[in-house]
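In what follows, a single structure is set out as structure tokens and then discussed.
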Amino acid sequence: MLATEGDRPAWELLRIANERGVDLIVAGTHWKRGLDRPPLGSTAEELIRNAVCPVFTVGSNVKHIGNGPLVFQIVVYATDLTPEAAKSAVYALSFAQDSDTLPHLCYVLGAKVLDSARRRVVGEAFQSALKKMIPKSSYDWRDPESVVQHGDAAKAILM
């Protein structure tokens, strides 16, 4: 476990992670009240943007999980379907498989109003795109659920 202080702790952590061949960085996050968009915090955001390994962030309101092993009950993977986002699908599916839980892959279309026929067609196209992100081996242990929602992303993802 490493802690750094100074003007640029993220860069020091990234340097150490690269030197030691770190596989995963776990970083705490915070947000400043009164802002429209909750920032992750400058250190966590720099880690996410610059690390060559996955970064797992934990928010400041997370409840203590006890002394047992970390087991997830629900894993939600929200994606914008970009190639960069597709890389993280493997990690979400791995967390779900390790906890033997059903992974939920989610894509949210904007709040643009579509008639029901177009909404169905667009939804099916995005469902297909989500399913293509899932490695075939994932179906050996669970059938991941893929969901396309409409509206505000933050609200739809957490529904």
Side-chain angles (χ1 to χ4, degrees), residues 1-5 8-31 37-110 123-159:
M1 190 178 307
L2 298 170
T4 66
E5 292 183 19
R8 307 287 307 263
W11 293 105
E12 179 66 10
L13 288 168
L14 291 168
R15 182 186 64 74
I16 293 168
N18 288 336
E19 284 176 2
R20 296 185 183 178
V22 169
D23 296 316
L24 174 71
I25 296 173
V26 179
T29 64
H30 63 86
W31 73 314
R37 176 183 151 271
L40 292 173
S42 59
T43 300
E45 197 158 340
E46 283 192 51
L47 290 171
I48 289 168
R49 293 183 190 284
N50 297 293
V52 294
C53 65
V55 177
F56 183 83
T57 59
V58 180
S60 58
N61 293 326
V62 171
K63 296 175 185 151
H64 180 66
I65 59 168
N67 296 326
L70 180 61
V71 177
F72 299 102
Q73 295 176 347
I74 299 172
V75 174
V76 176
Y77 169 69
T79 181
D80 61 3
L81 298 174
T82 61
E84 296 80 14
K87 292 177 188 176
S88 60
V90 174
Y91 297 98
L93 293 168
S94 178
F95 286 140
Q97 185 173 10
D98 287 348
S99 298
D100 195 27
T101 188
L102 178 68
H104 298 266
L105 283 73
C106 181
Y107 178 80
V108 181
L109 292 166
E124 287 172 1
F126 282 105
Q127 281 277 4
S128 176
L130 280 171
K131 288 185 185 288
K132 287 179 185 173
M133 294 178 78
I134 302 168
K136 294 195 185 314
S137 61
S138 294
Y139 291 100
D140 294 342
W141 59 276
R142 289 281 178 122
D143 189 7
E145 172 131 359
S146 57
V147 178
V148 175
Q149 296 285 343
H150 300 268
D152 176 67
K155 290 178 184 172
I157 290 166
L158 298 174
M159 286 177 52

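- Two rings, from F95 and F56, have their centers less than 6.0 Å apart.
- Side-chain contact between I25 and P54 is absent, with no heavy atoms from C-beta onward closer than 4.5 Å.
- T79 OG1 to F126 CZ: the interatomic distance, rounded to the nearest 0.5 Å, is 10.5 Å.
- The CG atom of L105 sits 6.0 Å away from atom CG of L93, with the distance rounded to the nearest 0.5 Å.
- Crowding of D80 atom CG: a count of heavy atoms from other residues, nucleotides or ligands under 6.0 Å exceeding 12.
- Residues L81 and Y107 meet the side-chain proximity criterion, which asks for heavy atoms closer than 4.5 Å.
- Put simply, the side chain of L47 does not reach to within 4.5 Å of the side chain of N50, judged on heavy atoms.
- Using a 4.5 Å heavy-atom cutoff, the side chains of P103 and Y77 are not in contact.
- In this structure the side chain of V52 reaches within 4.5 angstrom of the side chain of N18, judged on heavy atoms.
- Distance check: T57 OG1 to E45 CD gives 10.5 Å after rounding to the nearest 0.5 Å.
- Within 6.0 Å of CD on E19 lie more than 12 heavy atoms contributed by other residues, nucleotides or ligands.
- At least one side-chain heavy atom of I74 sits less than 4.5 Å from a side-chain heavy atom of H104.
- Of the charged side-chain nitrogens involved, none lies within less than 4.0 Å of a carboxylate oxygen, so that E46 and R49 do not count as a salt-bridged pair.
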